[in-house]
Amino acid sequence: MSKIVILGAGISGHVAATHLRRKLSKKHEVVVVSPNSNYQWVPSNIWVGIGRMKSEKIIFPLAPLYKKKGIKYKQAKAISFFPEGDKNEDKPYVLAEYVMGENAGQQEKITYDYLINATGPKLNFAATEGLIPGKNKAYSVCTYTHADHAWQGLEKVIQDMKAGKKAKILIGTGHAKSTCQGAAFEYILNVEKELVRHNVRDMAEITWISNEYSLGDFGMDGVLMSYGDMIMKSSDLVEMIFEDRDIKWILGAAVNKIEDGIAHYENLEGEQKSENYDFAMLIPAFSGHGFKAYDKNKNDITEKLFKGFMIVDADYTPKPYEQWTVQDWPETYQNPSYKNIFVPGIAFAPPHTISKPRKSKNGTDIFPAPPRTGMPSGITAKLVAENIIDAIKSGKESLNHKGSMGNMGAACIASAGFGFWKGSGISITTYPIVPDFVKYPDSHGRHLGKTFGAVGLAGHWLKLMLHYAFIYKAKMKPFWWLIPE
Amino acid sequence: MKRISPRMRFRMNNPFLQFFKFIILSVKIMVIVAGGHGGTRESKS
């Protein structure tokens, strides 16, 4: 009998738990440890943040589903890792603290045979002074509660505009090294569309602020793609859309301080500037959770497991951008020191960024961190689960399932406005996610046949279809496993 | 700078044309995403 403990019940943790439970017999234990009581389909937060979808539509409680499916669930947060156990406990374990119920505040040693760390990122709002969701007129759409608050803030600004007050709206990244530009991009287009719907578009000045060097970088170093019968850069596509919608942009901006209605930032020229706003949505920096790890004798071995995020089978040797290769990126997401620990999704430490690193004239690093969105999170979680299943069934280590982001495609279906007939979406696929400049030297590291963009109503339908399909899949309804990650 | 022409806008918003686009995009995305993934190191030179 094996016991697999999964930390986190987001896209990655939940995908791993569901596949493990489906393919392993009930004599094996699957345990999910998460402080969150609900599963949330994060990509639809955008629509919650513009008031077009209720947050109840994108969440469901985990406990009843897990009980029904035979997955053990502990509503607790991981505190520290003991991958060798300790003097009193031979088995490796995670020390976790319950956050709800009668055991709230109590700590438990949760032992495991295999550990999947799918804790995702910490939303590090504290890295930017004054950036607190719902304060200083600045909001976030990173969680459904944040998105609810964002809609409350936006609704108030819309009412003010209807009363004749002009407004400035600022949307983008809230830190020099934020990632998830795609979410902010979706949000700015949806907000613009909503202002049109409310007949107040002419009352608003909308500005995109980002740590990207060029538009459409998205933390992926930009994309060269097929668009109809043309080949175009993602920067051209985004510029075309922003120009069409009268959205201004500020690039290479490291937002470093937020005051009530003022965003202060440094640009790549080293200038300190500020931008006033009446409503802002700024994506924070992501960081590791600050977990500690100890060996059997309680010596601190945190550096053996973590580099901010958790260490996996990547090549972390520091090297210049020109020497980066796809081979630097992990394939199996296995921790090299403790082979029974796997880290899919956003929780693994990337070897480096994907976008070219840039410094301001003051020496401040200003560039996006690498994105690891829903699709790669799901794919890496599934392959980790499959390797564990193979290992349990064969009785020996098995790493046959591999999925490097340098050999994996992804689709980004960005909503550009809600509405079954009036909506819009920007569909961008990229293959591979991490550009392979050796394989595809003439197309900025990407396969042009598999990297394409499309804009139109079909994109909205696609995003809506994915919303319903992935919630159906997450609820483990009949034949859920037929829906790919 | 590229601009969205009236013809492009018509195509983007026309539900009839977009229905076919939806089918084509769904298939293309399925092929790319479900078309497999793997390692990279075996091909390292």
Side-chain angles (χ1 to χ4, degrees), chain A residues 227-228 230 232 236-237 239-241 243-244 313 315 325-329 331-332 375-376 379-380 383 399 401-411 413 420-422 424-425 427 429-432 434 436 438-439 447 449-452 454-462 465-466 484-485, chain B:
Chain A
Y227 185 93
M230 294 184 288
M232 73 194 293
D236 292 335
L237 178 74
E239 190 174 332
M240 180 176 82
I241 292 161
E243 183 73 18
D244 186 61
D313 60 319
D315 182 353
T325 68
V326 285
Q327 285 80 19
D328 300 340
W329 287 79
E331 294 182 329
T332 61
M375 200 167 282
I379 291 171
T380 54
L383 75 90
L399 296 171
H401 300 276
K402 293 178 180 178
S404 163
M405 283 168 63
N407 187 6
M408 182 190 294
I413 315 298
F420 197 81
W421 299 112
K422 301 255 178 183
S424 180
S427 314
T429 63
T430 177
Y431 182 90
V434 177
D436 188 337
V438 175
K439 236 177 184 174
H447 185 295
K450 294 181 178 178
T451 303
F452 63 86
V455 184
L457 180 58
H460 175 69
W461 293 341
L462 267 174
M465 180 184 75
L466 293 178
E485 317 313 317
Chain B
M1 183 192 302
K2 290 183 176 60
R3 295 272 171 103
I4 298 177
S5 65
R7 193 169 168 211
M8 270 172 92
R9 197 183 308 280
F10 172 78
R11 278 199 225 142
M12 286 173 182
N13 297 332
N14 184 298
F16 182 74
L17 297 175
Q18 288 294 312
F19 174 74
F20 292 101
K21 189 82 179 171
F22 172 74
I23 304 290
I24 293 164
L25 280 174
S26 302
V27 173
K28 279 175 88 171
I29 289 169
M30 188 67 90
V31 167
I32 291 164
V33 174
H37 46 78
T40 53
R41 290 180 192 147
E42 58 269 24
S43 60
K44 193 171 186 176
S45 53

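Just so it is clear: chains get the letters A, B, ... in the order the sequence lines come, proteins before strands, and each one is counted from 1.
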If you round to the nearest 0.5 Å, how far is CD1 of B:Ile32 from CE of A:Met375?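 So the CE of A:Met375 and the CD1 of B:Ile32 are separated by 10.0 Å.
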Quick one: pull up CG in A:Leu462 and CG in B:Leu25 and give me the separation to the nearest 0.5 Å. 5.5 Å
For A:Lys450, which residues count as a salt bridge (Lys or Arg N to Asp or Glu O under 4.0 Å) partner, sequence neighbours excluded?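 Once residues adjacent in sequence are excluded, A:Lys450 has no partner under the salt bridge (Lys or Arg N to Asp or Glu O under 4.0 Å) criterion.
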From the list A:Asp436, A:Thr430, A:Asp244, the residue making the most non-hydrogen contacts under 4.5 Å with chain B is A:Asp244
Output the option from A:Gly409, A:Gly449, A:Gly403, A:Pro432 having the highest count of non-hydrogen pairs under 4.5 Å with chain B. A:Gly403
For the student: nearest non-hydrogen atoms of [X] and [Y], plus distance:
{"X": "B:Lys21", "Y": "A:Ala454", "value": "CE-CB, 3.8 Å"}
{"X": "B:Pro15", "Y": "A:Trp421", "value": "CB-CZ3, 3.7 Å"}
{"X": "A:Val326", "Y": "B:Thr40", "value": "O-OG1, 3.6 Å"}
{"X": "A:Lys402", "Y": "B:Gly39", "value": "CB-N, 3.7 Å"}
{"X": "B:Asn13", "Y": "A:Leu457", "value": "O-CD2, 4.2 Å"}

Quick one: of B:Arg9, B:Met30, B:Arg11, who has the most non-hydrogen atom pairs under 4.5 Å with chain A? B:Arg9
Side chain, backbone, both or neither: which part of B:Phe20 has a heavy atom under 4.5 Å from chain A? neither
Taking side chain as everything from C-beta outward and backbone as N, CA, C, O, which of these in [X] sits under 4.5 Å from a heavy atom of chain B? Side chain, backbone, both or neither.
{"X": "A:Leu383", "value": "side chain"}
{"X": "A:Met232", "value": "side chain"}
{"X": "A:Leu466", "value": "neither"}
{"X": "A:Phe452", "value": "side chain"}

Are any non-hydrogen side-chain atoms of B:Ser26 and A:Met465 less than 4.5 angstrom apart? yes
B:His37 vs A:Glu485 side-chain heavy atoms within contact, under 4.5 Å: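 The answer is no; the side chains never approach within 4.5 Å.
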Taking only residues two or more places apart in sequence, or in another chain, which ones meet A:Thr451 in a side-chain hydrogen bond (donor to acceptor under 3.5 Å, both in side chains)? none
Is it true that A:Asp315 and B:Arg41 have a side-chain N and a carboxylate O under 4.0 angstrom from each other? no
